[in-house]
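Encoded as structure tokens, the structure appears first; notes follow it.
Ligands are counted one by one from 1 in listed order, and the atoms in each one are counted from 1 as well. All values below were derived from every heavy atom in this structure, side-chain atoms included, with hydrogens, water molecules and symmetry-related copies excluded.
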Amino acid sequence: MIPEKTGPAAVIVLAAGAGTRMKSRTPKILHEIGGRSMVGHALLAARSINPQQLAIVVRHERDLVAEHVSRLDPSALIVDQDDIPGTGRAVEAALQALDAEQQLTGTVVVTYGDVPLLSGGLLAELVATHEREANAVTVLTAVLDDATGYGRILRGEDGTVTGIREHKDSSEAEQLIREVNSGIYAFDAAVLREALGKVTTENAQGEKYLTDVLGLAREAGGRVAAVVTADRWQVEGANDRVQLAALGAELNRRTVEAWMRAGVTVVDPATTWIDASVTLDEDVRLLPNIQLHGATTVARDAVVGPDTTLTDVTVGEGAKVVRTHGSGAVIGKGAAVGPFTYLRPGTVLGESGKIGAFYETKNVTIGRGSKLSHLGYAGDAEIGEDTNIGCGNITANYDGEKKHRTVIGSGVRTGSNTVFVAPVTVGDGAYSGAGAVIRKDVPAGALALSIAAQRNTEGWVPAHRPGTRSAELAQAATKDSSSTPASTEEGK
Ligand code: UD1
Ligand code: MG
């Protein structure tokens, strides 16, 4: 039996920073791209390398962040950073917490909560290189055109990494270096522990720099090396909302591309937004201008779009969803929805069913082959199979205080503008006439009519609206435009 591959001893995710440039009441790392918070992306990448322990360091908006993290990853260890600032102090706090039960040995990885495109694959590569080369520290770096603000990678004449210099502490010559520290590292636990004990706050920012560990590790005789990535997006952090949008667009570009490679047709990648949590089958077709969010899944041969937003919607095989706004709905195999349709939570449309133009639905189960083709509202209802709901039908489900259910059977045909005043039940095979207001249960096979007699008052328009165009046309149409209005009633 092949033993299960175990990952590093621990991953420490740094997330204590304030993120002031976001100018937001929401903590920076809780801002979302691809339908997931930045820290959510960071936690997934960290988990994907299968660490024995995962710690996250918090401070700014501590309770909000801790609550969010515990929900996403209940076994993550939440560590509080004290008043001493700096990435070194943050890691020291995490290491102390992780060491509490038993001193860590082996590889400790450090990542950031605000670097959302970092992949598990690149982290795994960092760990693999670190362990293969038996390094004391391995830092993930990138070469940037504009390295302003970043810590610069210092290398000796033979190219070996000798340390990191923070931008604010750097000389003019050092500022010309374009290889930057991503802030993501693999450390040997013992080296890290010992070096952090020696790191001071004597620098331009008065912080305990994690970057000082590299120089200290080298002085102690350890090997320090770098993994250089050509994919700068994977090490990019979001500090403000401009960067957040750029990272969001890049993440989406990657997600859309991955689905196309997996067999999904995307007519216009630029206007197709797919959350990281969405799943699509082969031969799904996505038409322009759509947003697929949350736990949305789309089955084989279904067509979604154009102009559609779906959140937590299940789209069945071969279904067609056009110009629709939906959430928490299930669309059956071969069913049709739209255009201009609003599916609200609890909508379940059966196989080959239809919810057509200008329909709103909520908490409604619609059986196989049943159709609600045009203009209406169906809420808190259950509709059987092969039922045809006429144009303009409405379930009057709300009496001003409580909601009530409408139950409509199979093989039912309802006339245009039927109103179901819930609670009410319509039996299998029943019919209703146009304009029926169904206040009483309709037995199976019955025709329900609620007739208000129509009354025509002849000559009313010429008499009451003399001189209008309507009156003129009416007079021309009635040869003998009698001056005495007569009434007729129909439908008695
Ligand atoms: C840090 C690195 C720099 C690197 C850059 C990459 C140090 C000293 N410098 O700089 O070499 O190029 O990241 O983006 O490490 N954090 C805490 N507690 C703190 C301070 C920061 O948890 O006390 C967290 C932040 O939430 C953030 C990360 O650490 O996720 C980096 O902090 P930040 O202040 O952005 O670091 P930089 O000064 O940009
Ligand atoms: Mg800083």
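Considering Ile164, Thr87, Thr141 only, the shortest heavy-atom separation from atom 21 (C) of ligand 1 involves Thr87. Of the candidates Tyr209, Tyr150, Tyr112, the one placing a heavy atom closest to atom 8 (C) of ligand 1 is Tyr209. The heavy atom nearest to atom 19 (C) of ligand 1, out of those in Gly183, Ala94, Gly86, Ala18, is found in Gly86.
Taking 4.0 Å as the cut-off between side-chain N and carboxylate O, Asp380 and Lys362 do not count as a salt-bridged pair. The pair Asp80-Arg59 does not count as a salt bridge, with every side-chain nitrogen at least 4.0 angstrom from each carboxylate oxygen. Salt bridge status for Glu67 with Arg71: present, with a side-chain N to carboxylate O gap under 4.0 Å.
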Legend entry - Candidate pair Arg152 and Glu166, rule salt bridge (Lys or Arg N to Asp or Glu O under 4.0 Å), full reasoning: CA-CA 6 Å; Arg152 305 302 208 282; Glu166 287 308 290; over 6 Å; no
Inset, instruction - Would you check, one step at a time, whether the test salt bridge (Lys or Arg N to Asp or Glu O under 4.0 Å) holds for Arg178 with Asp146? - result: CA-CA 7 Å; Arg178 288 166 50 226; Asp146 180 7; over 6 Å; no
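Of all atoms in ligand 1, numbered sequentially from 1 with element shown, those under 4.0 Å from a heavy atom of Thr211 are 7 (C), 8 (C), 9 (N), 11 (O), 15 (O). Of all atoms in ligand 1, numbered sequentially from 1 with element shown, those under 4.0 Å from a heavy atom of Ser182 are 6 (C). Close approach of ligand 1 to Leu14 (heavy-atom distance below 4.0 Å) involves ligand atoms 22 (O), 24 (C), 29 (O), 30 (O). Heavy-atom contacts of Asp114 reach the following atoms of ligand 1: 30 (O) (cutoff under 4.0 Å).
Within the structure, the closest approach of Ala15 to ligand 1 falls below 4.0 Å when heavy atoms are considered. Look at Val180 and you'll find every heavy atom at least 4.0 Å from all atoms of ligand 1.
Residue-level proximity to ligand 1 for Glu166 is carried by the side chain, the only part with a heavy atom below 4.0 angstrom. Using a 4.0 Å cut-off between heavy atoms, Pro85 contacts ligand 1 through its backbone alone, with no side-chain atom that close. At a heavy-atom cutoff of 4.0 Å, ligand 1 is contacted by no atom of Arg59, backbone or side chain.
Residue Arg241 places its CZ atom among more than 12 non-hydrogen atoms of other residues, nucleotides or ligands, all under 6.0 Å distant.
Polar contact with ligand 1: absent for Tyr185 (N/O pair, distance under 3.5 Å). Of the N or O atoms in Gly151, one or more lie within a sub-3.5 Å distance of an N or O in ligand 1. Considering backbone and side-chain N/O atoms, Ala90 never comes within less than 3.5 Å of an N/O atom of ligand 1. Residue contacts with ligand 1: Val57 is placed with no nitrogen or oxygen under 3.5 Å of a nitrogen or oxygen of the ligand (distance criterion only).
His167 and Thr148 share no donor-acceptor pair across their side chains, judged by distance under 3.5 Å alone. Residues Glu207 and Thr201 bring no donor and acceptor atom of their side chains to less than 3.5 Å of each other.
In this structure, Arg89 and Asp82 have side chains that are in contact, with non-hydrogen atoms separated by less than 4.5 Å.
A side-chain donor-acceptor contact under 3.5 Å links Thr271 to the backbone of Asn289.
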